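Bear in mind that the values here come from a model prediction, so they are computed numbers and not experimental data. When reading the values below, keep in mind they use all heavy atoms of this one structure, side chains included, and skip hydrogens, waters and symmetry mates.
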There are 2 protein chains.
Amino acid sequence: MIDKVIIAEDQEFANLSVQKTMDDLKVKQYDYAFYCDDALAKIQLAQKKGEPYDLLITDLSFEDDGTAQKINDGIELIRAVRSIQPGILILILSGQYRPVDIHNLFENHEVDAYVRKARHDVQELKAAMDALSKGQRYYPRSLAQLIKRSNTYEFTEFDITIIRLLSEGYQQNKIPDYLKEHNIKPSSLSSIEKRLNQIREELGFANNQQLMVFCSNAGLL
Amino acid sequence: MIDKVIIAEDQEFANLSVQKTMDDLKVKQYDYAFYCDDALAKIQLAQKKGEPYDLLITDLSFEDDGTAQKINDGIELIRAVRSIQPGILILILSGQYRPVDIHNLFENHEVDAYVRKARHDVQELKAAMDALSKGQRYYPRSLAQLIKRSNTYEFTEFDITIIRLLSEGYQQNKIPDYLKEHNIKPSSLSSIEKRLNQIREELGFANNQQLMVFCSNAGLL
DNA sequence: CTTTTTGTTACGGTTAACCGTAACTAGTGG
DNA sequence: CCACTAGTTACGGTTAACCGTAACAAAAAG
């Protein structure tokens with residue numbers, strides 16, 4: 001059973017509605033936080049007291065307002081939480097498609113459920129909670145399809161570096177210098193050209209501009 | 001006074017919380033819709049009955065689920081509503097920065113208030129409602145700054161066409177053919193080159209890839 | 001230690017993109 | 001009707017990007 005829940009969500013609208021849903025579901029105890037740091041602190045404290053949370057419901061993107069925070073991102077929060085309480089259930093509640101991030105979460109089995117802030121999100125959340133309480137995971141299949149479709153291709157760290165540099169206005173023939181300075185393994189112009197060529201071919205893109213837009217939309221940059 | 005409100009918001013979480021806020025603010029009557037078409041129909045009906053809404057609270061992006069809809073976008077909804085009830089107040093409630101869209105809304109004075117789904121959105125919404133009931137507009141200044149910063153440059157329709165074609169993988173020297181086919185006025189390769197050059201210069205970009213990412217982030221494509 | 005495989009780099013030819021200049025066109029105003 | 005201006009187009013030279021091939025290096029397999 002899921003008796004104790006912590007909600008990390010910076011949007012007040014969403015936070016409130018999730019709380020209300022917890023009421024509807026008769027969850028015995030839940031707390032909420034608007035900042036990752038606060039959520040992490042509460043989880044840590046509960047853990048020390050021997051009354052750990054069963055489930056973390058968290059957004060992926062947190063907005064930076066004035067107050068300085070150590071953690072300002074859902075992914076980082078998840079990693080931090082997993083390091084202090086590996087067994088906690090994690091439910092992602094996110095508004096944006098961030099195919100790359102989500103793909104990683106899927107791959108590493110770091111999360112147990114995913115609910116999008118979308119048309120029937122309340123029902124989705126209830127269904128997810130139901131699945132979790134039965135020991136199941138919960139991924140809407142629409143999401144799984146999206147991931148597959150938009151991220152068949154596996155970008156390496158090297159790829160992302162190149163693409164990032166291009167998106168910052170670097171010229172291809174100046175990238176080798178940058179790579180050498182930063183001790184990145186393949187650093188020749190040939191390697192860069194070959195890699196870009198391969199990526200374009202596999203994704204069926206005609207030019208780099210198309211690739212850039214794709215990566216931008218996928219949240220790679 | 002704002003006595004009668006219609007809420008158009010597809011996210012159930014947000015819709016619920018807005019309703020709750022209307023309760024808190026003692027708004028006499030409010031209705032809600034999860035689809036643009038539904039919202040528009042309600043506005044039309046109320047208008048005919050001689051009991052028009054004072055305020056429309058709407059999201060900008062609506063998700064396409066199975067059900068076919070005539071209107072599937074906040075901007076379109078606003079235009080449609082304005083055409084049948086020009087005097088209605090409009091409050092945007094949006095999660096994403098869409099600099100281009102928002103910039104247009106600002107420019108054309110089509111909206112009366114803007115609230116972002118973010119950290120203190122409930123207070124923001126209450127403050128916006130307060131301003132509106134006093135006959136004022138409500139734009140958070142953080143947003144105004146963002147607009148200015150990210151959209152100094154004014155893209156023409158021609159610019160956007162070119163950029164769109166490039167983002168779809170068109171080669172520059174094939175774009176003239178496309179333009180001629182579609183009877184778009186400047187159609188020579190020279191014009192395209194010159195325009196791109198000018199845009200890059202004004203925005204301080206070194207290559208097209210950088211421009212593409214910028215346009216993608218600005219929501220131009 | 002050799003062979004094979006895999007990956008990286010170097011080089012040259014080709015194509016596309018870039019950039020300046022000049023010719024041409026259309027619209028404006030005298 | 002003739003300048004004048006702004007915008008468009010045509011052209012040629014330069015640079016960057018693309019692409020194939022072969023040499024080379026490093027790791028894996030024999």
Side-chain angles (χ1 to χ4, degrees), chain A residues 107 151-218 220-221, chain B residues 152-218 220-221:
Chain A
E107 285 294 302
N151 209 328
T152 323
Y153 191 71
E154 201 64 44
F155 287 97
T156 67
E157 202 174 333
F158 181 68
D159 298 341
I160 295 172
T161 303
I162 296 175
I163 291 166
R164 213 196 64 240
L165 291 172
L166 288 175
S167 79
E168 289 170 3
Y170 266 77
Q171 228 164 336
Q172 274 183 40
N173 59 23
K174 280 173 136 192
I175 291 182
D177 298 343
Y178 176 95
L179 295 177
K180 276 164 197 157
E181 269 184 36
H182 292 73
N183 296 321
I184 298 175
K185 301 171 291 183
S187 65
S188 73
L189 184 56
S190 272
S191 293
I192 294 164
E193 291 171 343
K194 190 169 281 186
R195 202 79 201 88
L196 283 172
N197 188 2
Q198 212 170 329
I199 295 172
R200 281 195 306 268
E201 181 144 351
E202 287 199 53
L203 290 168
F205 290 158
N207 61 29
N208 281 346
Q209 287 125 82
Q210 207 176 354
L211 174 60
M212 289 295 137
V213 170
F214 172 84
C215 291
S216 173
N217 289 336
L220 257 172
L221 304 176
Chain B
T152 323
Y153 190 73
E154 202 64 43
F155 286 96
T156 67
E157 202 174 334
F158 181 68
D159 297 341
I160 295 172
T161 303
I162 297 173
I163 291 167
R164 211 197 66 240
L165 291 172
L166 287 176
S167 79
E168 289 171 3
Y170 266 77
Q171 233 166 340
Q172 274 183 40
N173 59 21
K174 280 173 136 190
I175 292 182
D177 298 343
Y178 176 96
L179 295 177
K180 276 163 197 156
E181 269 184 37
H182 291 73
N183 296 319
I184 298 175
K185 300 171 292 185
S187 65
S188 73
L189 185 56
S190 272
S191 294
I192 294 164
E193 290 171 345
K194 190 168 280 186
R195 201 79 201 90
L196 284 173
N197 189 1
Q198 213 170 328
I199 295 172
R200 281 196 305 267
E201 181 143 352
E202 287 199 53
L203 290 169
F205 291 158
N207 61 29
N208 281 347
Q209 286 124 78
Q210 208 177 353
L211 174 61
M212 289 295 137
V213 171
F214 172 84
C215 292
S216 173
N217 288 337
L220 258 171
L221 303 176

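- Distances shown here put every side-chain N or O of Asn197(A) at or beyond 4.0 Å from the OP1 or OP2 atom of dC18(D).
- Atom CD1 of Ile192(A) is separated from atom C1' of dA10(C) by 14 Å (rounded to the nearest Å).
- Summarising the geometry, atom CD1 belonging to Ile192(B) is positioned 5.0 Å from atom CD1 belonging to Ile175(B); distances are rounded to the nearest 0.5 Å.
- Closest approach to the Gln172(B) side chain among dT8(D), dC18(D), dC18(C) is made by dC18(C) (side chain taken as heavy atoms from C-beta onward).
- Mapping Ser190(A) and Lys174(A) onto DNA chain D by nearest heavy atom places Lys174(A) at the nucleotide closer to the 5' end.
- Separating the CZ atom of Phe158(B) from the P atom of dG7(D) is a distance of 13 Å, rounded to the nearest angstrom.
- Across all strands shown, Glu193(A) has heavy atoms under 4.0 Å from base atoms, whether or not it also approaches the sugar-phosphate.
- Considering only side-chain N and O atoms, Asn207(B) lies nowhere under 4.0 angstrom from the phosphate OP1 or OP2 of dA17(D).
- Close to dT9(C), at under 4.0 Å from its OP1 or OP2, lies no side-chain N or O of Arg195(A).
- The distance from atom NZ of Lys185(A) to atom P of dA27(D) is 11 Å, rounded to the nearest whole Å.
- The aromatic rings of Tyr178(B) and Tyr170(B) stand perpendicular to each other, their planes meeting at an angle above 60°, with 30° marking the opposite boundary.
- Looking at the side chain of Ser191(B), the nearest of the listed nucleotides dT8(C), dC18(D), dT8(D) is dT8(D).
- Between the Asn208(B) side chain and the Leu211(B) main chain, no donor and acceptor come within less than 3.5 Å of each other.
- Rounded to an integer number of Å, the gap from CZ of Phe205(B) to C1' of dA16(D) is 20 Å.
- Going from atom CD of Gln210(A) over to atom P of dA17(D) covers 18 Å, rounded to whole Å.
- Summarising the geometry, atom SG belonging to Cys215(A) is positioned 7.5 Å from atom CD1 belonging to Ile199(A); distances are rounded to the nearest 0.5 Å.
- Considering only the side chain of Ser188(B), dT9(D) comes nearest among dT9(D), dA17(C), dA10(C).
- Between Ser187(B) and Gln209(B), the one whose closest nucleotide on DNA chain D sits nearer the 5' end is Ser187(B).
- Side-chain nitrogen and oxygen atoms of Asn208(B) include none within less than 4.0 Å of the OP1 or OP2 phosphate oxygen of dA17(D).
- Of the listed residues (Gln198(A), Arg200(A), Glu193(A)), just one forms a side-chain contact (heavy atoms from CB on, under 4.5 Å) with Leu196(A), and that residue is Arg200(A).
- Atom P of nucleotide dA17(D) and atom CE of Met212(A) are separated by 11 Å, given to the nearest angstrom.
- For Leu196(B) and dT8(D), the CG to P distance is 14 Å, given to the nearest whole Å.
- Rounded to an integer number of Å, the gap from CG of Asn173(A) to C1' of dA17(C) is 14 Å.
- Taking every side-chain heavy atom of Pro186(A) into account, dT9(C) is the closest of dT9(C), dC18(C), dC19(D).
- When the nucleotides dT9(D), dC19(D), dA17(D) are ranked by their closest atom to the side chain of Gln171(A), dA17(D) comes out on top.
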